[in-house]
Colleague: 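Handing you a structure now.
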Amino acid sequence: MKKIIDALCKTKKLTKEELSAVLDISEEDREYLSQRAREISIAEFGKKIYLRGLIEISSYCKNDCYYCGIRRSNHNAQRYRLTPEEILLCADKGYELGFRTFVLQGGEDIWYSDNVICSVVEGIKSRHEDCAVTLSLGEKSYESYKKYYDSGADRYLLRHETADKAHYSMLHPKEMSLENRKQCLYSLKEIGYQVGCGIMVGSPYQSADTIYKDIEFMKELQPHMIGIGPFIHHKDTPFAKFENGSTRTTLILLSILRIMFPKVLLPATTALGTADPMGREKGILAGANVLMPNLSPVSQRKKYSLYDNKICTGEEAAECRNCLERRINSIGYEVDGGRGDHPDFKRS
Ligand code: 5AD
Ligand code: FES
């Protein structure tokens, strides 16, 4: 196994069979894989972790993804949406806490017209010139993405969820397609965004084969960011009875991705912290270099419930910020105070 890992570090390639074997490695070999990935992360970024202030702007969603707690068919979901003023206040508070990237994430909520989104982006950028704005608002038209970019948005996160067509259709209702998902990601790249794709690890019907396709797709897309976290079931979804994804497999995949994409921005996600109380620390030690603490108003937090038992729903922004800094320091890393762009990125 060490030979396969060494070859992976050299060639940045794995065959389907090798991937399958690595996803199934012994604890000793996983430690080795993790160490190699960590060395690469430290060579690129030092022992520094970028923080992103996450603002969950709306729990309304017109989509009906089978895995997601805020899907439109979940009538038990509590819905809220932040006003533009509330979003700006979250960003102001985040700025004071030292954040230099804000991620506006939400369900696909048609209440926010393009004009509203653009004015919020402009508002944040004019109040905090040295900040980056990341959007994570789902599938939109090329024209909408272009408008947001022109109003100042820097980055866009849109997990592709799976690059296998049959698997995609097992996770989503038929009005959604892998083709459109990929097209959105290519449009975002063309426009000039730093783009993030990603998957849930251990989603229902996932296999080494589908993960192989995910990696092939990532090689083609060349994303600036890759978001992965374990699948965690939500009780009010069609996937309520499915097993959760494992922390261990997520850590293995984080390491593989760090080795294959040395400069990619790789978060240790909230889902990883939910699956394992030390998940985010373990994620960093496996090669991740980004954390995304929650800045959403505490009064609404619980309602952005994508999966059961999500952590950090009761803590104020400052508490999350401090908690994460403590966690980062406890493993010998430091918070990086910058915007945290991709090392190769220049906005034209
Ligand atoms: N478990 C883990 N992650 C989830 N997401 C949505 N539902 C779940 C779940 N049940 C992830 C999706 C989506 C991102 C915003 O959250 O990958 O792209
Ligand atoms: Fe939110 Fe620890 S990061 S409480």
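Worth saying up front: this structure is predicted, and the values here are computed from it rather than measured. In listed order, ligands and their atoms are each counted from 1. Residues take their numbers from the sequence shown, with the count starting at 1.
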Colleague: Strictly by modelled atom types, are Tyr212 and Glu17 linked by a side-chain donor-acceptor pair under 3.5 Å?
Modeller: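 Tyr212 vs Glu17: no donor-acceptor pair found between side chains.
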
Colleague: Check this for me, if you would: do Glu325 and Arg321 make a salt bridge, where the nitrogen-to-carboxylate-oxygen distance has to be below 4.0 angstrom?
Modeller: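 Result for this pair is yes, salt bridge flagged.
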
Colleague: Between the side chains of Asn309 and Thr274, does any donor sit under 3.5 Å from an acceptor?
Modeller: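 No.
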
Colleague: Just to be sure I understand the cut-off, which residues have at least one non-hydrogen atom under 4.0 angstrom from an atom of ligand 1?
Modeller: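 The answer is Tyr67, Cys68, Gln105, Arg159, Glu161, Met200, Pro230, Phe231, Ile232, Leu306, Tyr307, counting any residue whose heavy atom sits under 4.0 Å from ligand 1.
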
Colleague: Is the number of heavy atoms from other residues, nucleotides or ligands under 6.0 Å of Glu179 CD greater than 12?
Modeller: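 Result for CD/Glu179: open.
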
Colleague: Sequence neighbours left out, what passes side-chain hydrogen bond (donor to acceptor under 3.5 Å, both in side chains) with Asp130? Give chain and number order.
Modeller: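 Partners of Asp130 under the side-chain hydrogen bond (donor to acceptor under 3.5 Å, both in side chains) test: Tyr95, Arg100.
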
Colleague: Does any donor atom in the side chain of His172 or Tyr67 lie under 3.5 Å from an acceptor atom in the other side chain?
Modeller: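 Judged by distance alone, the side chains do pair up.
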
